[in-house]
Amino acid sequence: MTEHQNQRKTPVQKTFELISALLTDNPIYKSIFRTGYPSTLLKRMAVMRSSFYMHIFPTKVGEHGLRLRYSWCMGGITFFLFLLLTLTGILLMFYYVPEEHRAFNDMKDLRFMVPFGVILRNMHRWAAHGMVLAVMLHMMRVFYTGSYKAPRQFNWVVGVLLLLFTLLLSFTGYLLPWDQLGFWAVTVGTNMASATPLMGYEGPFHELLGVQVDNDIRFAIIGGTRIGPNALVRAYVWHCVGIPLVATLLMIFHFWRIRKDGFSGPL
Amino acid sequence: MVEQEFRSDKSGYMLMNKPGYPRVSSWPNLVWVIFLMMLFITILLWGVSFLAYAPLEEMAEWAKTPNPAKAPWYFIGLQELLVYFDPWIAGVMLPQQILIGLILIPYVDITPTEQGHYRWSQRRFAVAYFTFGIVFWATLIFVGQLLRGPSWEVYWPIIDYDLTGHGWTREGVALKQGGAKLGSLSTGTGLALLIGFFSIGMVLPFLVTKLFPKSRPVQGLDKYLKELGYIKYFVVQSHVLMMIATVVKIVLRLSFNIKYIIETPWFKI
Ligand code: HEM
């Protein structure tokens, strides 16, 4: 975009260039960032290609795709919130044990004892709500721009699965504080599973399979006939290991496809 | 050199991949946007986290059922539907159908070229249907989250009880009772109504094109139906009818106190 202009440099510019040359024009910097500072178009292309992290982006993008009023950046925001949630989530795991008598006290400790524990928990909580909201808005953006059409049909399908897993991620986390709010919300939510036709003990035709309260699908999900210590451990494992793993795999696939199909735009 | 590689790009049929299309290097243009987004979100999240505490109520206790006990907001739409449907419909069949419907969207779409912009003149029906679904979902969340109080009665959000919606049931304080008596339709009427609704709904668009072949909008409909073909039409229309039926059931329940359309010993609709 901006090419170097060699005429009339102010002292500030000269100093700045000197400092950046010192910082970037040395063997150590170049051993890390092979291409040197990306000041020319060629280097700018190279930097995107040669860097592991940058390689997730294309080297060039269509101008319309950059406009916020097109993409709202919602997919990016969803992913960034996911990263923040992973980070804060790992830190929370240091202080939290999913045990019936400890979980709630660990929440209190985070609030009153752990340095910055309040901020940590607040960030994790609000980022989770934010991610659910962002993923819904992202889906709306993709729909209204018709970006799910060929050749991106299957990436939309992957997206719907990601939506589902985002909701489940948030839902399993809801139980972990082991307070009345989460306990009863998850009770209400998992009770619905008992109404599944054939497989839930309150669902239509459950008698046909001999399904009862202690062998139906809800029992399998929460590990008991009501939310208890087993459900807590299950929620914890799904929340911290199972679902993030699956969601990560799906996201890798989601991003791969975006790179292969190209970002949507007018035909 | 670099350009050539892009020209041989297989996805070259898109305008944005054609040689003349305005493209800029990702560094710094895209990287910059992403960086600012991350900065903005981080600051926003910090700000919110300093100002608002994550909720923490009393320790979980099986014996103390709060009234009402609410699902998290993103599932409260389904809980709200429990007023109008049995759990196997509200909590299992409807969410399942929503997911299946969403997944099928790209495969029943017949305007493949209408993409990459917010212009909807060629896809009015798709946009209207999707928007209706979103608004419906948002309305259910709004009602469930803000207007429902103890015993899932309608409460005005600013009076009666605290907004968090987790007041305890107090002994000796009578909860509002579920008001009017609810009735159900006889099995025959209900069955006829349901089958009638879905079969008429299925043929109605074709009937309209036969009855008013002259009118312009109907000609548009005719063209749309022909392009869609029977299989896609069936998939789309059955989901449209399911959504309408859900709304109709809500109206029936609210204005005529009808609890079930069909009541059998095994399941109730
Ligand atoms: C965890 C959830 C998700 C993450 C992290 C994610 C991330 C992203 C990102 C970063 C992009 C690039 C463009 C943009 O930022 O808008 C994108 C594009 C896309 N997403 Fe998602 N997404 C998620 C869920 C979904 C959902 C729920 C859907 C649809 C049901 C979806 C469908 C798509 C499609 C079709 C594209 C290509 C759009 C285009 O080329 O314009 N994604 N996603």
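Just so it is clear: chains get the letters A, B, ... in the order the sequence lines come, proteins before strands, and each one is counted from 1.
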Under 4.5 Å from any heavy atom of chain B, what part of [X] do you find: side chain, backbone, both or neither?
| X | value |
| --- | --- |
| Glu100(A) | backbone |
| Arg111(A) | side chain |
| His206(A) | neither |
| Leu83(A) | neither |
| Met140(A) | both |
| Trp178(A) | both |
| Ser194(A) | neither |
| Met123(A) | both |
| Tyr70(A) | both |
| Ile119(A) | both |

Shorter than 4.5 Å, heavy atoms on both sides: which option in [options] has the most such pairs with chain A?
| options | result |
| --- | --- |
| Thr113(B), Ile89(B), Leu56(B) | Leu56(B) |
| Ile105(B), Leu82(B), Ile34(B) | Ile105(B) |
| Pro87(B), Pro72(B), Ala90(B) | Pro72(B) |
| Asp109(B), Leu30(B), Ile76(B) | Asp109(B) |
| Phe267(B), Tyr74(B), Phe75(B) | Tyr74(B) |

Heavy-atom contact with chain A under 4.5 Å, split by part of [X]:
| X | result |
| --- | --- |
| Pro112(B) | backbone |
| Tyr107(B) | side chain |
| Leu44(B) | neither |
| Trp120(B) | side chain |

[X] to [Y] - nearest heavy-atom pair and separation:
| X | Y | value |
| --- | --- | --- |
| Trp152(B) | Pro68(B) | CE3-CB, 3.9 Å |
| Val118(A) | Tyr53(B) | CG1-CZ, 3.9 Å |
| Thr88(A) | Leu85(A) | OG1-O, 3.3 Å |
| Met54(A) | Ser51(A) | N-OG, 3.1 Å |
| Arg152(A) | Asp261(A) | NH2-O, 3.4 Å |

| request: Would you please test Arg141(A) and Ser147(A) for side chain to side chain donor-acceptor pair (under 3.5 Å) and show each step? | output: CA-CA 8 Å; Arg141(A) 187 292 280 180; Ser147(A) 305; 3.2 Å; yes

| field | Selection residues 76-93 of chain B - residue pairs positive for salt bridge (charged side-chain N to carboxylate O under 4.0 Å, His left out), sequence neighbours left out | value |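 Non-adjacent pairs meeting salt bridge (charged side-chain N to carboxylate O under 4.0 Å, His left out): Glu80(B)-Arg148(B).
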
| query | Does Glu114(B) have any side-chain contact (heavy atoms from CB on, under 4.5 Å) partners at least two apart in sequence or in another chain, and if so, which? | reply |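 Per chain and number, Glu114(B) pairs via side-chain contact (heavy atoms from CB on, under 4.5 Å) with Lys149(A), Thr111(B), His117(B), Gln122(B), Arg123(B).
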
Please tabulate, for the side chains in residues 130-141 of chain B, all donor-acceptor contacts under 3.5 angstrom to protein atoms that are two or more places apart in sequence or on a different chain.
from	atom 1	to	atom 2	distance (Å)
Thr131(B)	OG1	Tyr144(A)	OH	2.7
Thr131(B)	OG1	Val127(B)	O	2.5
Thr139(B)	OG1	Val135(B)	O	2.5

| Hey, what's the ring geometry for Trp184(A) with Trp62(B), parallel, tilted or perpendicular (30° and 60° as the breaks)? |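 Geometry flag for Trp62(B) against Trp184(A): parallel rings.
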
| Can you name the residues of residues 91-101 of chain B that have some heavy atom under 4.5 Å away from a heavy atom in chain A? |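 Listed by number: Gly91(B), Val92(B), Met93(B), Leu99(B).
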
| Does CZ in Arg226(A) sit with more than 12 non-hydrogen atoms of other residues, nucleotides or ligands closer than 6.0 Å? |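 More than 12 within 6.0 Å, yes.
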
